[in-house]
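In what follows, a structure is listed as structure tokens, so that the remarks can point back to it.
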Amino acid sequence: MTETLPGRAVDADRFRQALAVHAAGVVVITAQAEGVPVGLTATSFSSVSLAPPLVSFYVDQASTTWPSLRLAEHFAVNVLASDQAELASRFARKGVDRFAAPTEWWHGSQGVPVLGGVSAQLVCVPHSTVDIGDHVLVVGLVTETTLVSDDRPLLYHRGRFGRFTPHT
């Protein structure tokens, strides 16, 4: 049941400020749609289920990449390493060729574009999508994983990219 509760929701700026203190991992979702590689940066990536192996991410309904991405038969989740902040920024920008040099990429399993230098890659088939607020929840069934390195992850916190430093 969905209902609107007028006057109960916090305003968007206050909401963004509160969420900014939550550090999130950074991934780039890539796919091949109608023969063209497409991709976008996401910080909303999450595991959903172990059996079956499901993952999810959210994409803004106003995304210019989403109409192409949603047509793809497979997509890859590229888990970025701590030295890939520029790559994350490139795939978040509008109006640029995200796959042009210096982006290192190739066609992986199922013809899905995968990125070089990442910590891990998960190849997925679309499982389900749900419109939620101003975003689309995308759930994928993981069909293949590649652990490339155990490098530290790239994180997003307070509007900036950073590195994880473990307690000793």
Side-chain angles (χ1 to χ4, degrees), residues 22-132 134-157 161-164 166:
H22 173 71
V26 184
V27 301
V28 171
I29 309 298
T30 54
Q32 180 102 357
E34 299 179 331
V36 178
V38 296
L40 55 83
T41 299
T43 56
S44 59
F45 173 71
S46 178
S47 63
V48 174
S49 169
L50 289 175
L54 299 173
V55 295
S56 70
F57 65 95
Y58 288 88
V59 61
D60 190 322
Q61 288 187 6
S63 165
T64 57
T65 305
W66 174 239
S68 296
L69 183 60
R70 68 186 288 215
L71 298 175
E73 293 180 17
H74 297 84
F75 64 86
V77 177
N78 299 271
V79 180
L80 300 191
S82 62
D83 63 350
Q84 294 186 301
E86 177 52 39
L87 184 65
S89 293
R90 186 174 315 117
F91 275 82
R93 278 189 221 115
K94 294 181 181 182
V96 298
D97 182 352
R98 297 168 178 166
F99 289 89
T103 300
E104 294 180 36
W105 70 280
W106 57 90
H107 286 97
S109 177
Q110 305 297 325
V112 176
V114 292
L115 302 176
V118 300
S119 295
Q121 298 156 340
L122 296 86
V123 175
C124 305
V125 294
H127 178 275
S128 54
T129 60
V130 178
D131 291 344
I132 299 178
D134 58 3
H135 279 65
V136 178
L137 169 63
V138 181
V139 178
L141 175 70
V142 180
T143 60
E144 181 181 330
T145 62
T146 304
L147 181 61
V148 180
S149 78
D150 59 359
D151 196 13
R152 293 185 178 159
L154 181 64
L155 298 178
Y156 189 71
H157 179 253
F161 295 111
R163 294 181 168 99
F164 172 73

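Small disclaimer: the values here were computed from a predicted structure and weren't measured. For the single chain, residues carry numbers from 1 onward in sequence order.
You'll find the ring centres of F57 and F45 outside the 6.0 Å limit.
Scanning all heavy atoms of the two residues, the minimum distance from I29 to F75 falls at CG2-CD1, 3.9 Å. Here the shortest heavy-atom pairing between P126 and A72 reads CG-O, 3.6 Å. Between W66 and D60, the shortest heavy-atom contact is CB-O, 4.5 Å. Nearest heavy-atom pair across F161 and S89 is CE1-OG, 3.4 Å. In this structure, V142 and C124 approach most closely via the heavy-atom pair CG2-SG, 3.9 Å. When all heavy atoms of G39 and T65 are compared, the pair lying nearest together is O-CG2, 3.6 Å.
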(request) Kindly indicate, with the supporting measurements, whether the criterion side chain to side chain contact (heavy atoms under 4.5 Å, CB included) is fulfilled by T129 and R70. (result) CA-CA 9 Å; T129 60; R70 68 186 288 215; over 6 Å; no
(request) Mind running side chain to side chain contact (heavy atoms under 4.5 Å, CB included) on T30 and V112 for me, showing each step along the way? (result) CA-CA 7 Å; T30 54; V112 176; 4.3 Å; yes
(request) Mind running side chain to side chain contact (heavy atoms under 4.5 Å, CB included) on L115 and L87 for me, showing each step along the way? (result) CA-CA 9 Å; L115 302 176; L87 184 65; 3.9 Å; yes
(request) For side chain to side chain contact (heavy atoms under 4.5 Å, CB included), just list the numbers for R90 and T103, CA-CA rounded to whole Å, side-chain angles, deciding distance to a tenth of an Å, and then say yes or no. (result) CA-CA 9 Å; R90 186 174 315 117; T103 300; 2.7 Å; yes
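Between T41 and V26 there is a side-chain heavy-atom pair separated by less than 4.5 Å. Proximity of D83 to R163: side-chain heavy atoms (C-beta onward) are separated by under 4.5 Å at one or more points. Looking at heavy atoms from C-beta onward, S63 lies in side-chain contact with L40 at the 4.5 angstrom threshold.
Between L54 atom CG and L141 atom CG the span is 6.0 Å, to the nearest 0.5 Å. Here the CG-CD distance, from L147 to Q121, works out to 10.0 Å after rounding to the nearest 0.5 Å. Rounding to the nearest 0.5 Å gives a distance of 13.5 Å between CG of L80 and OH of Y156. Put simply, OG on S82 and CG on L155 are 9.0 Å apart, with the number rounded to the nearest 0.5 Å. Between the OG atom in S119 and the CG atom in L154 there is a gap of 9.0 Å [rounded to 0.5 Å].
Although no hydrogens or angles enter the test, the distance criterion places no donor-acceptor pair under 3.5 Å between the side chain of T145 and the main chain of L122. For the pair S46 (side chain) and S56 (backbone), a donor-acceptor distance under 3.5 Å is absent. Although no hydrogens or angles enter the test, the distance criterion places a donor-acceptor pair under 3.5 Å between the side chain of Q32 and the main chain of G35. No side-chain donor-acceptor contact under 3.5 Å links T146 to the backbone of A120. Side-chain N or O atoms of N78 include none that pairs as donor or acceptor with a backbone N or O of V118 at under 3.5 Å. Remark: side-chain polar atoms of W105 are paired, donor with acceptor, to backbone N or O of F99 under 3.5 angstrom. Judged purely by atom type and a 3.5 angstrom limit, Q61 uses its side chain to pair as donor or acceptor with the backbone of H135.
Partners of H157 according to the side-chain hydrogen bond (donor to acceptor under 3.5 Å, both in side chains) rule, which considers only residues two or more places apart in sequence or in another chain, do not exist here.
Applying the salt bridge (charged side-chain N to carboxylate O under 4.0 Å, His left out) test to pairs two or more places apart or on separate chains, those with a residue in residues 92-120 are E86-R93.
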